Amino acid sequence: MTSFPSRRSVLLAAGGMAAGAVAAAPGAASAGQIITRQIPSTGERVPALGLGTFMTFDRWPHIPRDDLREVLRLFWAGGGRVVDTSPLYGLSEANVGEFGKALGINRRMFVTNKLWTTGRYLNDDSHAVAQRDRSLALLGRDQLDVVQVHSVVAPEMNMPILRRWKAEGKIRMLGITHHDPMYYPIIEHWIRTGDLDFVQIHYSIQMRVAERGLLDLAADHGTAVMVNMPLEKARLHALVGDRPLPRIADEIGARTWAQFFLKYVLAHPAVTVVLPATTNPRHQRDNLGALTGPLPDRGQCRQMVRHMETIDGFAGLQSMPWYPGKTFDGQVRLG
């Protein structure tokens, strides 16, 4: 095995990656290019690495937040464009909006948001409208790129609301999300019968349930796929620790474990954008390294999984708590 630099030691030249470059789809990017993917319903291309904000951007204003602002700055400078947030993520929306405005990018970001409300009675959309308008105000926007039914909450009620907003120009695209594979059959139903532009699902080198049909179904129906928890909320890093990367990492241009895990997810052609989250600017540079260079083919993906299966605890990773050893000081409380 070859030893590689750790996640904390790698500092990538993020500013050198061209934001608008179109990579060879879907497998690799040439030198100086970033991997982009096409949104089937609109034909536009977006960088394949986005930024998640659950827990990580949920921080009170009186607590130092320079690290979060730097994470967003580096993300943008490195070619990232898709930022995912939600009204349920505590202060994340407000912080994304504040930092985006300060950096002059809030109206240029590709913002994906969520709707989670059922109103006081059936078909009452007043709560949804209030939630949407607050999101627009916090983010400094007139329009949201994507709004998704959060965690499959009342899609029969909320999907018509999103369709109306789309027709009115308040949002450009709509979708549905969940992080628990137990709900994938419902998401698959909406892929088959609805008019979804996006779905957002949990998919990683350890959580591969989506490979059993959902990803192919989305591709067949022209539905873009956002991936949450590609790094399993730091659990994959806690599992591998300081172990050296396997030799196959060199073949796919992965210099760190983060790039190894992200490239596995990006390798699936149905994946449109992956949403790792971090509070650490060095980790943001590290994650951006997955946005360039080769991606594994199917055979290499199988080798990557086989290697992970040799590590104790890999099979039971889902029973580990999120963000092992890390605490967050924001509005959201887990457990």
Side-chain angles (χ1 to χ4, degrees), residues 1-10 12 23-31 33-37 47-50 181 184 201-219 225-276 283 285-320 324:
M1 291 186 177
T2 303
S3 179
F4 289 77
S6 70
R7 177 167 169 80
R8 293 186 177 276
S9 66
V10 174
L12 300 176
S30 302
Q33 292 183 314
I34 64 173
I35 300 168
T36 65
R37 294 283 165 81
L49 191 92
Y184 286 4
I201 59 168
H202 177 185
Y203 176 43
S204 73
I205 195 171
Q206 199 278 338
M207 175 53 72
R208 303 185 302 280
V209 175
E211 293 178 358
R212 300 174 190 168
L214 192 155
L215 288 169
D216 289 340
L217 182 69
V225 177
M226 278 184 279
V227 172
N228 56 50
M229 299 175 65
L231 301 178
E232 291 292 345
K233 298 195 182 300
R235 293 180 295 184
L236 284 170
H237 280 92
L239 187 70
V240 298
D242 293 328
R243 288 178 174 85
L245 284 162
R247 291 186 182 278
I248 193 172
D250 196 35
E251 298 176 20
I252 63 172
R255 295 192 286 167
T256 66
W257 280 110
Q259 295 168 22
F260 182 86
F261 299 138
L262 291 170
K263 280 175 177 278
Y264 178 90
V265 177
L266 287 168
H268 200 292
V271 170
T272 309
V273 61
V274 182
L275 301 168
H283 293 177
R285 289 191 181 98
D286 183 358
N287 294 344
L288 285 163
L291 199 51
T292 59
L295 293 175
D297 59 27
R298 281 191 170 189
Q300 290 170 319
C301 283
R302 286 192 291 268
Q303 292 180 54
M304 294 165 75
V305 172
R306 283 198 296 268
H307 177 79
M308 293 302 299
E309 289 173 341
T310 68
I311 298 175
D312 290 342
F314 181 67
L317 181 138
Q318 295 302 318
S319 65
M320 293 174 60

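All values below were derived from every heavy atom in this structure, side-chain atoms included, with hydrogens, water molecules and symmetry-related copies excluded. For clarity, every value in this text was computed on a predicted model and none was experimentally measured.
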> Holding to side-chain contact (heavy atoms from CB on, under 4.5 Å), I want the full list of residues that pass it with A219, two or more places apart in sequence or in another chain.
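Here the qualifying residues are A270.
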> Identify the heavy atoms of H237 and A258 that sit nearest to each other, and give their distance.
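Taking H237 first and A258 second, the nearest heavy atoms are NE2-N, 3.5 Å.
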> How long is the straight-line distance from CG of L231 back to CG of N287, given to the nearest 0.5 Å?
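Between atom CG of N287 and atom CG of L231 there are 6.0 Å.
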> Quick check against the 3.5 Å criterion: does K263 have a side-chain atom that pairs as donor or acceptor with the backbone of I252?
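Between the backbone of I252 and the side chain of K263 there is a qualifying donor-acceptor contact (under 3.5 Å).
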> Take L275 and V227 through the side chain to side chain contact (heavy atoms under 4.5 Å, CB included) test and state the conclusion after the steps.
CA-CA 6 Å; L275 301 168; V227 172; over 6 Å; no
> Considering only heavy atoms from C-beta outward, does the side chain of I35 approach that of P47 to under 4.5 Å?
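The answer is no, as the side chains (C-beta and beyond) never meet within the 4.5 Å cut-off.
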> How many angstroms lie between CD in Q303 and CD in E251, if you round to the nearest 0.5 Å?
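Between atom CD of Q303 and atom CD of E251 there are 6.0 Å.
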> Taking the side chain as C-beta and beyond, is there a heavy-atom pair between R255 and D286 under 4.5 Å?
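Not touching, per the 4.5 Å side-chain cut-off.
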> Hey, could you give me the CG/CG distance between L266 and L49, rounded to the nearest 0.5 Å?
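Taking CG in L266 and CG in L49, the distance rounds to 6.5 Å.
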> Would you find a donor on one side and an acceptor on the other, under 3.5 Å apart, between the side chain of R37 and the backbone of V271?
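Flag set: sc R37 to bb V271 pair under 3.5 Å.
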> Work out which heavy atom in P276 is nearest to a heavy atom in G50; give both atom names and the distance.
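What the structure gives for the nearest pair is CD-O, 3.5 Å.
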> Kindly determine whether T272 and M226 satisfy side chain to side chain contact (heavy atoms under 4.5 Å, CB included), including the steps that lead there.
CA-CA 6 Å; T272 309; M226 278 184 279; 5.8 Å; no
> Please confirm whether the backbone N or O of S204 pairs with a side-chain atom of E232, one donor and one acceptor, at under 3.5 Å?
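Pair absent, no side-chain N/O of E232 close to backbone of S204.
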> Would you check if the side chain of W257 reaches a backbone N or O of D242 as a donor-acceptor pair within less than 3.5 Å?
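Not confirmed, W257 side chain does not pair with D242 backbone.
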> For the atom pair OG1 (T36) and CD (Q33), what is the distance rounded to the nearest 0.5 Å?
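So the OG1 of T36 and the CD of Q33 are separated by 8.5 Å.
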> Drop me the distance from T256's OG1 to F261's CZ, to the nearest 0.5 angstrom.
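Here the rounded value is 9.0 Å.
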> Could you go through the side chain to side chain contact (heavy atoms under 4.5 Å, CB included) check for I201 and N228 one step at a time?
CA-CA 6 Å; I201 59 168; N228 56 50; 5.7 Å; no
> I need the R302 CZ to Q300 CD distance, nearest 0.5 Å.
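If I round to the nearest 0.5 Å, the distance is 10.5 Å.
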> Side-chain atoms of residues 205-218: list all donor-acceptor pairs with protein atoms under 3.5 Å, sequence neighbours left out, distances to 0.1 Å.
unit_1: Q206; atom_1: OE1; unit_2: Q318; atom_2: NE2; d: 2.7
unit_1: Q206; atom_1: NE2; unit_2: F314; atom_2: O; d: 3.1
unit_1: Q206; atom_1: NE2; unit_2: A315; atom_2: O; d: 3.3
unit_1: R208; atom_1: NH1; unit_2: I205; atom_2: O; d: 2.7
unit_1: E211; atom_1: OE2; unit_2: Y203; atom_2: OH; d: 2.6
unit_1: E211; atom_1: OE2; unit_2: Y264; atom_2: OH; d: 2.6

> Apply side chain to side chain contact (heavy atoms under 4.5 Å, CB included) to I248 and H307, showing your working.
CA-CA 9 Å; I248 193 172; H307 177 79; 6.0 Å; no
